[in-house]
Number of protein chains: 2
Amino acid sequence: MKTNQRIKLSDLATALNLSTSTVSRALNDHPRIPIETRTKVKKLANDWAYHPNPFAKGLFSKETKTIGVMIPCFEDNYFSKILGIIEDELIKKGYKLICTRSGKNAVEEQSALWNLAKAHVDGIIAVLSYDQPCPAFINDINEEGIPILFLDRMYENVDASFVISDDFQGAFEAVSYLIQEGRSKILHLEGPRDLSTSFYRKQGYMEALKKHDLEIQHSIQCENKEDVKIKIKAYNNDYDAVFCYNDFYAFEMLEYAKQQGICIPNEVAVIGYANDPLSSFTSPKLTTVDQSTSDLGEQSVKMLLSEIKAMKSKGSFEYSTFKSSTRLLVRESC
Amino acid sequence: MKTNQRIKLSDLATALNLSTSTVSRALNDHPRIPIETRTKVKKLANDWAYHPNPFAKGLFSKETKTIGVMIPCFEDNYFSKILGIIEDELIKKGYKLICTRSGKNAVEEQSALWNLAKAHVDGIIAVLSYDQPCPAFINDINEEGIPILFLDRMYENVDASFVISDDFQGAFEAVSYLIQEGRSKILHLEGPRDLSTSFYRKQGYMEALKKHDLEIQHSIQCENKEDVKIKIKAYNNDYDAVFCYNDFYAFEMLEYAKQQGICIPNEVAVIGYANDPLSSFTSPKLTTVDQSTSDLGEQSVKMLLSEIKAMKSKGSFEYSTFKSSTRLLVRESC
DNA sequence: CTGTTAGCGCTTTCAT
DNA sequence: ATGAAAGCGCTAACAG
């Protein structure tokens, strides 16, 4: 009986000698349809593998049950872990996930974001890579009625919701630990400019030093991991610890130390950030700051969905910010 | 002038004192609309950031311009690299990417796949994790008019298109290399049961031995990396090389060797598979088989889109299979 | 309790 | 060259 055409509501209606509205209501458990009709309809729908055309539904309801997620890349373990969590949560709530990456520059990033808006997703979770979001642009997206939530990175002067990891705390604890362990000449390999994560990790580093009356601060700005070996040279091995913006900077540091014959952790302690799987494979195994990817993923979805809900019912929603805490994973490099 | 409602065709039509049909045609470059009308319409559309409702379009055209991709997980570098390539190609062609993972078991996997069909994607690229696809199930999806292409793994008795990496060749070359280097007691750490990749890599291993008249074959089946250390023990270090199903098995092997005081590569050579980023961070650095993720990603998209096109125009399409070649990355472990 | 009807935003005959 | 009208599959007023 099942044809190789897609079954639609009217097929069921004809077969059951009912109107499409009754079938529709039965399928949606409308209270005024008697239970037996409902079950009868549902049975046939099931037998015929009927599934509603999401486009017809979406056209009417203005909801697409689709969330757009933009991350810098799929290969970075931190982001792919979060993406996994997000997908899990989304599926639970009956949403689909359209995902995309930032691309190679600010222009591509902006167009990727705009593509999500054009796809009429119900909401967006974005990790921006290249820029502060242009407020006008965010506004354009909001005008489409699409809540957008920023993940991992914070932007000043942007009205939006944020789900971030507590970079200040992560750095503060890491550096405090180094100090407790007796290190006193602590360098910081600072992350890319214009990233809030770089900013707060540096703040945490400086605060920890300050708190322990270590006034000598050397924060070495590295735009990418290639900068590390080049810039660290200038310090003539005159340090006993390095707190790195991320694990990849730390791997470079580890390699540099090996080349220089510097013994880690005896001569120099190293701490990374993000708990990349690689970090437990280096020798020595890297001490690193672990961010709660599950918190981050779960909260983004939770907050975004509630904004969507508010948007739908009240036409507006409140921005909020969630900051997830970190924990130091002490391994062999310090 | 722009309201915070979504602009629709009729808004443009009203403003320009034209009918929606004319506006629609103008936007779609219908030849019978004079150029100047077209540009006028396009200008306003652009100024007002008009973008067509994909759901209205999709409802009419039956095309959703969306491709569903299912992979085992986002964290595996091999798959996330392919996913990236796929997204790039898809964007170029104006498609969006809905992605999902296999989940924890065959039931979840099947429902994930079915969810893609329900989302009315135009086509599916899938890496199955748990099972041979049930032909009836594939058929159900085909009946929806959705071409489905299987990636990375091959299934006998399934009518479908495949894009796979040449596992036989990869293994054959790796093991041949080992033999050339003078190894003669070569073990194989075989992959999970029921995976074509396991099967062909084992075949390649055996063929290479056979070709060089090395008849002693020890293929040790390991369902997962935890099996490695347990099962390898039985061989009492009586081997001079190990060819591993994947890099993670190889890492276990490396660790085992370290624990046993076996020197790699002097006493035992090790080769992994997949060129995980980790593999160049171990010490010694792991020799591994590199699969062309770009070939794999590009071909899947190319083939799938042409099937979609054929499906649309002729109502049917031909299955085909693409096999991508591999290359051995010689590093320090052999 | 259920059917009729209109409409979501767009495309496309079919007229003119 | 352009407009009017119908229809894609679904839902929800509005009858009855």
Side-chain angles (χ1 to χ4, degrees), chain A residues 3 5-42 44-45 48-66 94 117-122 144-145 312, chain B residues 3 5-42 44-45 48-66 94 117-122 144-145 312:
Chain A
T3 76
Q5 292 307 308
R6 251 168 210 167
I7 305 296
K8 45 194 176 179
L9 218 45
S10 61
D11 296 330
L12 299 178
T14 318
L16 291 166
N17 226 313
L18 288 168
S19 74
T20 57
S21 13
T22 306
V23 174
S24 169
R25 285 191 273 246
L27 255 17
N28 291 310
D29 274 323
H30 187 106
R32 288 213 305 239
I33 305 287
I35 302 284
E36 58 173 25
T37 313
R38 289 191 227 172
T39 47
K40 194 176 63 182
V41 171
K42 283 179 185 171
L44 188 69
W48 284 8
Y50 164 77
H51 42 249
N53 183 325
F55 285 66
K57 265 191 135 114
L59 187 55
F60 184 87
S61 69
K62 317 281 193 206
E63 277 196 303
T64 66
K65 287 289 176 186
T66 302
K118 287 201 285 188
H120 286 214
V121 295
D122 291 339
E144 304 277 325
K312 214 193 158 190
Chain B
T3 76
Q5 292 305 307
R6 251 169 210 168
I7 305 295
K8 46 194 175 180
L9 218 45
S10 61
D11 295 329
L12 299 179
T14 319
L16 292 165
N17 227 314
L18 288 168
S19 72
T20 56
S21 6
T22 306
V23 174
S24 169
R25 283 190 275 245
L27 255 16
N28 292 308
D29 273 321
H30 187 106
R32 286 212 305 239
I33 305 287
I35 302 283
E36 60 172 24
T37 313
R38 288 190 226 172
T39 48
K40 194 177 62 181
V41 171
K42 281 179 186 172
L44 188 70
W48 284 8
Y50 165 77
H51 41 250
N53 183 326
F55 286 65
K57 262 192 137 113
L59 187 56
F60 184 88
S61 70
K62 317 282 194 205
E63 277 195 304
T64 66
K65 287 290 176 185
T66 303
K118 287 201 284 188
H120 287 212
V121 294
D122 291 340
E144 304 277 326
K312 214 193 159 192

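- Ring geometry, His120(A) versus His51(B): the interplanar angle exceeds 60°, so the pair is classed perpendicular (tilted spans 30 to 60°).
- Taking only side-chain nitrogens and oxygens, Thr22(B) never comes nearer than 4.0 Å to OP1 or OP2 of dT2(D).
- Within the 3.5 Å criterion, the main-chain N or O of Lys57(A) finds a donor-acceptor partner in the side chain of Ser61(A).
- In this structure, Asp29(A) and Lys42(A) have side chains that are in contact, with non-hydrogen atoms separated by less than 4.5 Å.
- Heavy-atom minimum distance, Ile33(B) versus Arg25(B): CG1-CB, 3.8 Å.
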query: How would nucleotides 11-16 of chain D be written as a contact map, 5' to 3', with B for base contact, S for sugar-phosphate-only contact and - for no contact, using protein heavy atoms under 4.0 Å?
result: BBB-B-

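- With a 4.5 Å cut-off on side-chain heavy atoms, Leu18(A) and Thr37(A) count as touching.
- The CZ atom of Arg38(B) sits 11 Å away from the P atom of dT2(D) (whole-angstrom rounding).
- For the pair Ala13(B) and Ser19(B), the tightest heavy-atom approach, listed with the atom from each and the gap, is CB-C, 3.8 Å.
- Protein chain B touches strand DNA chain C; the 5'-most and 3'-most nucleotides with an atom under 4.0 angstrom of its non-hydrogen atoms are dG9(C) to dT13(C).
- Heavy-atom distances to DNA chain D give each of Ala56(B) and His30(B) a nearest nucleotide, and the one nearer the 5′ end belongs to His30(B).
- Exactly one residue among Asp11(B), Leu9(B), Leu44(B), Val41(B) makes a side-chain contact (heavy atoms from CB on, under 4.5 Å) with Tyr50(B). That residue is Leu9(B).
- Arg6(B) places a side-chain N or O within donor-acceptor distance of the main-chain N or O of Glu144(A), the cut-off being under 3.5 Å.
- Computed from coordinates, the Leu16(B) CG to dG3(D) C1' distance equals 15 Å when rounded to whole Å.
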